[in-house]
Amino acid sequence: MASSWTLAVDRTDLLRSCLVEGEVPVPDEGEAVLRVDRVGMTANNVTYAVLGDAFRYWEFFPAPEPGQGLVPLWGFADVVESRAPGVEPGQRVYGYLPPSSHLRVRPARPDARGFRDASPHRAELPSPYNAYALTTGDAAYEADREDLQVLFRPLFFTSFVLADALGDGGLQGARRVVLSSASSKTAYGTASLLRDQDVEVVGLTSSGNTAFTSALGCYDRVLSYDAVTDLDRDTPTAYVDLAGSTDLRRVLHEHLGDALVRDVVVGVTHQDSAPAGTLGGVRPQVFFAPDQMRKRTGDWGRDGLDDRFGEAWRRFAPLAQEHTDVRVSEGPEGLARVWHEVASGSSAPRTGNVVQL
Ligand SMILES: NC(=O)c1ccc[n+]([C@@H]2O[C@H](COP(=O)([O-])OP(=O)(O)OC[C@H]3O[C@@H](n4cnc5c(N)ncnc54)[C@H](OP(=O)(O)O)[C@@H]3O)[C@@H](O)[C@H]2O)c1
């Protein structure tokens, strides 16, 4: 019997992980089995784990034992067996994948673009995560940039929708956008797109990452976290928070006062899940990409949205390539090592961790 494996983490101590071996899943009628091939690992995956209970990320891929979690990853997989009409072995898809050798799916609505996993346990979960895009039907797919896509695709899509939402009435009078965790891929993707808008773009980052962040050329100005109070207090400002630090939020609110006109929560790279407490002034609002996606699908149609995203990606990809050293690790041990490194925050922003499973 062929074997399969999965990397499970302890939900209460994310740095503890174990490899669990099993048998390769066999598809029932209407199902297909994917061999997970190549995945990326960034702070975004850690956030899925940090917010696993609150945002139901643990529910996409049920873990072998209670108390364990399977951290969702983005990447490519190949169909190896299918009893689902319209889905054939040999097809290659991009989508949301478990940290495992295999995934059993129940493909629904297959067409030239791909299919959705209609497995009952995923039915109530946010729908963008249930789509699997065929490489042959994807406007943004470029075979020679698979690793960049593995790393950046979901992040840059968020950047695209976020920058668009800010420009589409979301700035509320702000003349300056301040992004935290400015060295993160999602932040600098957003910053690069905001250059098209008439606002000053300021990046906040750790002191060790200021040189990297400045060299990106996406920000008008880069400040380390301890220099936040250098910001003038007269410019109406939107805060776009990817760090999720309660202390930083408090300092910014106190320093900018009424000049802070928006506070948009996008990420928690600093893994700080403490409640914000009473801040006064503008209230933080969680950014939810599917809302703006729905609006733009209405405005532009699905093809219009895909085309605009494809065009933005092709403009951004050379910058991403220039500032990313792709590092490919191998197999389950490589995945475990990279998880530990990224989750503990010891991965440099230039390193793009890809794992060949
Ligand atoms: N809401 C959404 O739909 C959505 C979508 C995509 C991404 N996001 C969020 O955006 C954030 C960035 O994700 P990404 O994948 O783009 O990140 P990334 O490129 O892997 O970012 C790495 C950076 O994050 C910070 N960081 C990472 N681990 C840390 C740790 N343990 N302690 C302190 N800082 C740490 C550091 O930046 P600094 O030194 O600059 O702080 C580091 O350079 C994540 O929280 C992610 O969940 C949200």
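Both ligands and their constituent atoms are indexed starting at 1 by order of listing. For reference, positions follow the sequence shown, starting with 1. Values reported hereafter were calculated over all heavy atoms of this structure, with side chains retained and with hydrogens, waters and symmetry mates removed.
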Asker: Check whether Trp74 forms a cation-pi arrangement with Arg153 (NZ or CZ under 6.0 Å from the six-membered ring centre, at most 45° off the ring normal).
Answerer: no
Asker: Run down the list Gly345, Pro349, Ser207 and name the one with the heavy atom closest to atom 28 (N) of ligand 1.
Answerer: Gly345
Asker: Side chain, backbone, both or neither: which part of Phe288 comes within less than 4.0 Å of ligand 1 when only heavy atoms are counted?
Answerer: neither
Asker: More than 12 heavy atoms of other residues, nucleotides or ligands under 6.0 Å from CZ of Arg109: is that the case?
Answerer: no
Asker: Show the atoms of ligand 1 that are less than 4.0 angstrom away from any heavy atom in Gly267.
Answerer: 9 (C), 45 (O)
Asker: Going by distance alone, is a donor N or O of one side chain under 3.5 Å from an acceptor N or O of the other, for Thr237 and Arg176?
Answerer: yes
Asker: Heavy-atom distance to atom 32 (N) of ligand 1: which of Thr351, Asn209, Thr269 wins?
Answerer: Thr269
Asker: Select one of side chain, backbone, both or neither to describe which atoms of Ala182 lie under 4.0 Å from any atom of ligand 1, heavy atoms only.
Answerer: backbone
Asker: For Arg308, look at atom CZ and say whether over 12 heavy atoms of other residues, nucleotides or ligands are found less than 6.0 Å away.
Answerer: yes
Asker: Just going by heavy-atom distances, which of Leu151, Val264, Thr47, Val266 is nearest to atom 9 (C) of ligand 1?
Answerer: Val266
Asker: Give the atom numbers and elements of ligand 1 that come within less than 4.0 Å of a heavy atom of Leu155.
Answerer: 6 (C), 7 (C), 15 (O), 16 (O)
Asker: Within a distance under 4.0 Å of any heavy atom of Ser183, pick out the atoms of ligand 1 and give their elements.
Answerer: 23 (C), 36 (C), 37 (O), 38 (P), 39 (O), 40 (O), 42 (C), 43 (O)
Asker: Counting only heavy atoms not in Asp28 (residues, nucleotides, ligands), do more than 12 fall under 6.0 Å from its CG?
Answerer: yes
Asker: Between the main-chain N or O of Gly170 and the side-chain N or O of Arg262, is there a donor-acceptor pair closer than 3.5 Å?
Answerer: yes
Asker: Would you indicate which of Ala289, Ala243, Gly189, Ser184 comes nearest to atom 21 (O) of ligand 1 when only heavy atoms are counted?
Answerer: Ser184
Asker: Quick test of your reading of the structure: of Thr158, Leu248, Asp241, whose heavy atom lies closest to atom 6 (C) of ligand 1?
Answerer: Thr158
Asker: Under 3.5 Å, N or O to N or O, is Leu204 touching ligand 1 that way?
Answerer: no
Asker: At under 4.0 Å between heavy atoms, which part of Asn44 makes contact with ligand 1: side chain, backbone, both or neither?
Answerer: both
Asker: So which heavy atom in the protein is nearest atom 33 (C) of ligand 1, and how far is it from that ligand atom?
Answerer: His270 CD2, 3.4 Å
Asker: When you look at CG of Asp232, are more than 12 heavy atoms from neighbouring residues, nucleotides or ligands closer to it than 6.0 Å?
Answerer: yes
Asker: Evaluate Ala43 for polar contact with ligand 1, using N/O atom pairs at a separation under 3.5 Å.
Answerer: yes
Asker: Contact between Phe212 and ligand 1, counting heavy atoms under 4.0 Å?
Answerer: no
Asker: So that I can tick it off, tell me whether Asp168 and Arg296 are bridged by a salt bridge, with the cut-off set at under 4.0 angstrom between side-chain N and carboxylate O.
Answerer: yes
Asker: Count I, L, V, M, F, W, Y as connected when their side-chain heavy atoms are under 4.5 Å apart, and connections chain through other members. Are Val222 and Leu204 then in the same cluster?
Answerer: no
